[in-house]
Amino acid sequence: MSATLTIPDLIATSEKTVFLTMANSYKIRQALGYLDAANHSAVIDAVAWCLSICKSDKRIDEYIANHSELSTLTVEQKTAVKKLNFDKFGHLSIRAMQRIIPYLQAGKRYDEACHLAGFADNRMGYKTKYLTGSAVDEVMANITSPVVKRAVNQSVRVINAIIKRYGSPQFVALELGRELARDYQERRKIEKQQIANAENNQAVAEKLQKEFGVLQPRGVDILKYKLYEEQAGKCLYSGKPLVLYQVLHDPTYAQIDHILPFSRSMDDSFNNKALVYASENQNKGNRTPYEYFGSDTQRWVAFTQQVAFLRNPKKRANLLKENFGEEQSKEWIARNLHDTQYLSRVLLNLCQDHLLLAPSKKYKTKGQVRSVNG
């Protein structure tokens, strides 16, 4: 028979419950040598933001040099800060927390503090059919990246237009594309290019069926054909000719390689892909072309000559890139992932916290809004 907990026991247990820790804030204070946070909050906030958006020592130095809050940091403090790494964004902006926290310190509940600060506490159920209102405006105002702000604004318009036409959804799955972060003219240009690509892909698929016996052409088959045509039918690394029929029917004959290794660049674009002999791909491994055979002067010169014919300047630049060390890799990865991750987080929070969805028997409330990798 279990013993009944007394009120003092319940209070003691509750007092031990950890709801939130400020571990990263503490790490920053340790790095800076600050014992208290109250008198250095602006510096701590600036360092946290810097570490979240700058992914190399060079970028961190540039950020510090251009922000007055960090101008007093010593060399030792800068060195200590660079050893930290933050890559996630919180639920509330700094400005929102600065408005809410004083009410919490005064003893108000979170929902009361939010209302007094001019926000609706979304956990208490204050949601609207459309993504509009002061809370949404506040989120938009606190987005510092122009690219992300433009993308979020466009996304909100699309979501509201869908709801206006079809009604409130029961389930929202967010799949993000980089095109949302572009302006109208750029998106129109991309849209036209996508239509042209779709038509070209269809034509290639029909050709593969009729002329090369590929009964059901897949995306990888179409990509191999396009790369084969772009490369004038040659392996881009060895310069030797490829037999197209074998390329399409023998997966061990030729493969598609990421010119700058995907794990080091996170670049999966057409400009970073080459059709090469499988043996060349295996020998190159997780290296750039320059790292693969740049130490052989004769072969490197021959390689630079054999890729000079490519009309695609971005691909040619990737093929001939000589400096792609750890710092360059970090910058590429940060550039390819950061805006998308930030955008994903903002949109996910907006929909979860502010969007009133239709009731669903299939999806629980917490599972009605999800993000998926695009």
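- Taking the six-membered ring where tryptophan is involved, the planes of Phe262 and His258 are tilted, since the angle between them lies from 30° to 60°.
- Ion pairing between Lys315 and Glu230 holds under the 4.0 Å rule for side-chain N and carboxylate O.
- Grouping the Ile, Leu, Val, Met, Phe, Trp and Tyr side chains by contacts below 4.5 angstrom, directly or via other members, places Phe293 apart from Tyr277.
- Not a single donor-acceptor pair under 3.5 Å links the side chain of Gln209 to the backbone N or O of Val214.
- Contact annotation: the side chain of Lys226 approaches that of Asn201 to within less than 4.5 Å [non-hydrogen atoms, C-beta and beyond].
- Residues Ser168 and Ala358 share a closest heavy-atom pair of O-CB, 3.6 Å.
- Annotation: side chain of Leu236 is in contact with side chain of Leu310 (closest heavy-atom distance under 4.5 Å).
- With respect to Leu227, the side-chain contact (heavy atoms from CB on, under 4.5 Å) criterion is satisfied by exactly one of Val247, Ile256, Val276, Leu242: Ile256.
- Checking Asn312 against Asn271 by side-chain atom types alone, a donor-acceptor pair falls below 3.5 Å.
- Atoms CZ and CG, from Arg218 and Leu208 in turn, are 11.0 Å apart once rounded to the nearest 0.5 Å.
- Looking only at side-chain heavy atoms (C-beta outward), Val243 and Tyr253 come within less than 4.5 Å of each other.
- The shortest side-chain heavy-atom distance between Thr128 and Leu356 does not fall under the 4.5 Å cut-off.
- More than 12 heavy atoms of other shown residues, nucleotides or ligands fall within 6.0 angstrom of atom CD in Glu322.
- Inter-residue side-chain proximity for Leu70 and Val43 is flagged as met; some heavy-atom pair is nearer than 4.5 Å.
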Legend entry - side-chain hydrogen bond (donor to acceptor under 3.5 Å, both in side chains) evaluation trace for Ser269 with Asp267: CA-CA 6 Å; Ser269 69; Asp267 186 351; 2.7 Å; yes
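- Contact record, Lys78 with Leu73: CE-O, 3.6 Å, taken as the closest heavy-atom pair.
- When every heavy atom of Ser238 is checked against every heavy atom of Gln306, the shortest pair comes out as C-NE2, 3.9 Å.
- Trp332 and Arg264 make their closest contact through CB-O, 4.5 Å (heavy atoms, listed as atom of the first residue, atom of the second, distance).
- Listed here is the closest heavy atom pair of Ala46 and Tyr63: O-CE2, 3.9 Å.
- Using bins of under 30°, 30° to 60° and over 60° for the plane-to-plane angle, the ring pair Tyr237/Phe303 lands in the tilted bin.
- Between Leu51 and Ile60 there is a side-chain heavy-atom pair separated by less than 4.5 Å.
- The cationic group of Lys321 does not satisfy the cation-pi geometry with Tyr290, failing either the under 6.0 Å distance to the six-membered ring centre or the 45° limit from the ring axis.
- Between Leu355 and Ile163 there is a side-chain heavy-atom pair separated by less than 4.5 Å.
- Proximity of Ile222 to Asn200: side-chain heavy atoms (C-beta onward) are nowhere separated by under 4.5 Å.
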